[in-house]
Amino acid sequence: METTVMIGEKPKVASKLANALGNYSTKTNRGVKNYVIETDERRIIIAPAVGHIFNLEQISEGWDYPVFDVEWRPIFETSDSSDYVKKYYNNLRDQIEKADTYINACDFDLEGSVIGANIIKHMADPDEERIERMKFSTLTQSDLQEAFDNLEGFDKGMTDAGITRHTLDFYYGVNVSRALMQAVRENNRYKTLSTGRVQGPTLKILADKEREIRAFEPDDYWEIFLKHSEFDAKLSYGSDDRIWDEDEANGIFLTVKDEGRTEVTDIDINNYSHNPPIPFNLTGLQSEASSQFNISPKKTQSIAQTLYENSLISYPRTESQKLPPKIGYKDILGKLKSQDSYEDLAKKVMKKDSLSTTQGKKKDDAHPAIYPTGEHPSGLSKQERKVYDLIVKRFFAVFGKAAKRRSLTMTLTVEDYDFQAKSKITVERNWFDLYDPYVKVSEAALPELEVGDILDVEGFDLEDKETQPPQRYSQSRIVNKLEKENLGTKATRASTIDRLYNRNYIEGDPINVTDLGLAIVDTLEDHIPDLLSPDLTREFEEKMESIRQGEETSEGVIEKAREDLDKMLGKFKDQEKEIGAELVNTIDDERKRRRKLGPCHECEEQGREDGMLRIIKSKGSSFVGCSNYPDCENTYPLPNTGKVNSTDQECSTCGKPVIYVERKKKKSYSMCVDPDCPSKDDW
DNA sequence: GCAAGGTC
């Protein structure tokens with residue numbers, strides 16, 4: 001009898017495959033569940049991967065560049081964080097030992113082709129005729145069944161394309177990162193630096209904004225307000241009510257300022273609908289969790305993963321903004337109804353005659369948008385509870401009817417000048433009731449007046465204002481921007497941003513680009529400009545498509561990239577020391593700045609000038625000392641665990657500098673540098 | 001010590 005091993009991309013999918021394809025028995029091996037389907041002539045073992053089991057690594061030793069010799073190696077061999085992969089790896093190896101033929105049933109995209117093909121190739125290396133590819137675009141029973149009935153041959157085109165993309169990313173990313181670090185090394189400094197196809201353009205987008213903000217010079221403008229006892233009305237002027245000329249503003253103000261009365265000359269009412277929101281995809285959830293709770297996109301992603309693993313929500317790494325009826329609206333609503341906190345809302349939704357949801361434009365072949373399963377949550381942390389509640393309320397809201405809102409613009413005339421007061425109110429709440437407390441709309445009512453009414457004026461204000469610099473990117477806004485630019489994927493965008501923080505290229509939220517971040521962009525602009533442009537991703541995509549179609553070969557594309565990089569990196573190497581010298585200056589300045597905490601109180605009390613507290617590192621430990629040492633011996637100890645960061649805050653109790661201690665596994669915290677500060681009495 | 005991509 002023939003034994004076939006079918007590989008699913010992840011455990012959940014392996015289970016769905018089994019359910020769709022027939023009667024199965026389960027067989028747990030090394031803690032991993034496999035599914036066995038037996039027919040008269042064939043035994044199919046469905047075994048799960050967990051995403052990539054193999055990773056590209058350098059074959060040779062050392063940190064020289066350029067490096068072009070790479071091979072696929074088991075992922076847990078080189079990454080501690082991938083320990084959990086080991087049992088899946090071992091299980092796959094055990095199952096594949098028994099196999100005569102193989103089916104790659106990973107997701108139908110380049111990554112899925114690579115994940116499955118690597119497992120088959122590196123664990124068995126059979127003839128290609130013994131490998132089949134199962135192509136499905138949703139995980140529904142009918143789609144899976146159909147895909148299984150129409151298995152195709154080994155998908156060499158997609159596999160080659162995928163492997164080529166990985167190789168190019170390695171070539172560009174690793175080599176240019178090493179070049180940057182080596183340039184700094186030549187100047188006797190050591191700093192982890194990195195860039196790549198996604199990191200580069202991401203940093204560039206942020207740096208452009210930073211430059212725009214730093215170069216920004218505000219313009220003065222004036223606005224004039226009419227003050228009524230219950231509201232303010234703004235002078236209608238030009239296209240946006242701003243007066244750019246001071247004399248003109250003064251002239252108008254003088255004309256109206258002593259008027260005691262005004263007439264209502266127009267009331268414009270506009271009724272409009274405020275549509276319910278669309279279902280969450282990962283980016284949407286990250287944005288909303290950021291604006292509602294100030295939780296970072298990366299944290300939201302990991303919370304969502306936990307909720308998913310606890311069966312509380314559907315698969316979170318989805319691009320989809322659609323919730324098809326197939327997910328079983330009624331069933332989910334029924335389960336939510338049995339949770340005390342959602343009983344009323346679930347009832348409200350279920351009362352509707354027909355259930356349908358709003359839909360966003362984005363789709364995802366493998367998964368619907370994020371929705372709650374209805375299972376009862378227990379033991380959730382505070383933040384997990386918040387994100388879960390947000391997902392549930394959003395699920396309710398997408399079934400809701402549009403809210404009815406009314407905007408009113410009232411025009412008040414004084415002399416020849418019109419002033420306008422605006423209000424917006426909600427007439428029918430509808431979906432607002434399903435999404436509270438997350439509805440963010442302004443509610444401002446005006447008194448009920450009619451055209452022709454004469455009102456008393458309390459006075460007029462002439463306000464001198466300044467134009468504002470462009471807004472910085474928040475973490476969630478940059479994740480959105482990356483999605484729009486097609487940079488990275490749903491699963492990687494948040495961690496790309498995180499990496500830029502870890503490299504000290506960016507800091508804060510909203511995001512500031514550090515001088516180091518700007519210097520990296522400058523350096524790349526001068527020497528490897530390709531790595532700053534989103535076009536590199538587009539070019540890669542086009543090349544992968546032509547490899548897939550057989551118009552170009554993987555070898556040809558890789559060789560070309562190698563030649564290009566050889567040239568660019570050769571030139572870079574010739575100027576290594578000079579390039580590094582500039583980077584080193586900013587690295588030194590940035591380090592000093594990050595270690596600087598604030599003025600030394602001891603020095604202030606003793607009347608010494610300019611004492612500055614800073615973090616001092618010696619022999620692997622660190623403490624806080626004063627720049628006036630040895631004249632000032634003021635020191636404070638620092639915690640042994642976690643990374644200490646300076647802040648620009650002062651302790652509200654004693655006025656000494658506040659530090660921020662960043663911890664990996666536990667919660668990060670802020671505290672006063674002084675261990676004896678009264679703010680710590682109840683610690 | 002370096003990428004980007006998948007996932008528990």
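Below, read A as the first sequence line, B as the second, and so on, with proteins coming before strands; counting in each chain starts at 1.
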Assign [X] to base, sugar-phosphate, or nothing according to its heavy-atom contacts below 4.0 angstrom with the strands shown.
X: A/Arg499; answer: sugar-phosphate
X: A/Thr492; answer: base
X: A/Ile75; answer: base
X: A/Asn55; answer: base
X: A/Arg185; answer: nothing
X: A/Gly488; answer: sugar-phosphate
X: A/Leu180; answer: nothing
X: A/Tyr315; answer: sugar-phosphate
X: A/Ser82; answer: nothing

From the set [options], return the single nucleotide nearest to any side-chain atom of [X].
X: A/Tyr88; options: B/dC8, B/dC2, B/dG5; value: B/dC8
X: A/Thr192; options: B/dG5, B/dC2, B/dG6; value: B/dC2
X: A/Glu111; options: B/dA3, B/dG1, B/dG5; value: B/dG5

**Asked** Between A/Gln182 and A/Gln305, which is nearer to the 5' end of DNA chain B once each is assigned its nearest nucleotide?
**Response**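 Its nearest nucleotide lies further toward 5', so the answer is A/Gln182.
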**Request:** Could you say whether A/Ser81 or A/Thr496 is positioned toward the 5' end of DNA chain B, judged by the nucleotide with the nearest heavy atom to each?
**Result:** A/Thr496
**No-hydrogen, no-angle side-chain donor-acceptor test under 3.5 Å, A/Thr523 and A/Glu582** =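 No - no donor-acceptor pair under 3.5 Å links their side chains.
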Kindly give the heavy-atom pair with the smallest separation between [X] and [Y], and that separation in Å.
X: A/Gly200; Y: A/Leu532; result: O-CD2, 3.6 Å
X: A/Ile370; Y: A/Pro316; result: CD1-O, 3.6 Å
X: A/Ala117; Y: A/Phe154; result: CB-CE1, 4.2 Å
X: A/Lys33; Y: A/Thr28; result: CG-OG1, 4.0 Å

Quick one: list whatever passes side chain to side chain contact (heavy atoms under 4.5 Å, CB included) with [X], sequence neighbours left out.
X: A/Asp522; value: A/Arg211, A/Glu525
X: A/Ser81; value: A/Ser79
X: A/Glu152; value: A/Lys135
X: A/Val479; value: A/Thr283, A/Gln286, A/Pro297, A/Arg493, A/Ile497

For [X], what residues pass the salt bridge (Lys or Arg N to Asp or Glu O under 4.0 Å) criterion, not counting sequence neighbours?
X: A/Asp588; result: A/Arg189
X: A/Asp208; result: A/Lys204
X: A/Glu578; result: none

**Request:** Determine whether more than 12 heavy atoms belonging to other residues, nucleotides or ligands lie under 6.0 Å from atom CZ of A/Arg477.
**Result:** yes
Euclidean distance, atom [atom1] of residue [X] to atom [atom2] of [N] [Å, nearest integer]:
X: A/Arg197; N: B/dC2; atom1: CZ; atom2: P; value: 18 Å
X: A/Leu531; N: B/dC2; atom1: CG; atom2: C1'; value: 12 Å
X: A/Gln199; N: B/dG5; atom1: CD; atom2: C1'; value: 13 Å
X: A/Asn310; N: B/dC8; atom1: CG; atom2: P; value: 13 Å
X: A/Arg73; N: B/dA3; atom1: CZ; atom2: C1'; value: 16 Å
X: A/Glu309; N: B/dC8; atom1: CD; atom2: P; value: 7 Å
X: A/Glu57; N: B/dG1; atom1: CD; atom2: C1'; value: 13 Å
X: A/Asp498; N: B/dA4; atom1: CG; atom2: P; value: 13 Å

**Under 4.0 angstrom between A/Thr489 side-chain N/O and B/dG6 OP1 or OP2** =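 Looking at the OP1 and OP2 atoms of B/dG6, one of them is under 4.0 Å from a side-chain N or O of A/Thr489.
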**Message:** Is there a side-chain contact between A/Arg503 and the phosphate of B/dC2, meaning an N or O under 4.0 Å from OP1 or OP2?
**Reply:**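 Affirmative; the distance criterion is met.
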**Message:** Tell me if the centroids of the rings in A/Phe540 and A/Tyr172 come within less than 6.0 Å of each other.
**Reply:** yes
**Request:** Assess the pair A/Tyr89 and A/Phe76: is the distance between their ring centroids shorter than 6.0 Å?
**Result:**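 So the answer is yes for these two rings.
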Compile the donor-acceptor pairs under 3.5 Å between side chains in residues 567-576 of chain A and protein atoms, sequence neighbours left out, one pair per line.
| residue | atom | partner | partner atom | Å |
| --- | --- | --- | --- | --- |
| A/Lys573 | NZ | A/Tyr65 | O | 2.5 |
| A/Gln575 | NE2 | A/Lys571 | O | 3.3 |
| A/Glu576 | OE2 | A/Tyr65 | OH | 2.7 |

Of the residues in [range], which ones touch DNA chain B at a heavy-atom distance under 4.0 Å?
range: residues 557-578 of chain A; answer: none
range: residues 158-174 of chain A; answer: A/Arg165, A/His166, A/Asp169, A/Phe170, A/Gly173, A/Val174
range: residues 515-524 of chain A; answer: none

**Complete:** Secondary structure of DNA chain B per the Watson-Crick/G-U criterion (both distances under 3.5 Å; [ ] crossing, | other strand, . unpaired) is ........
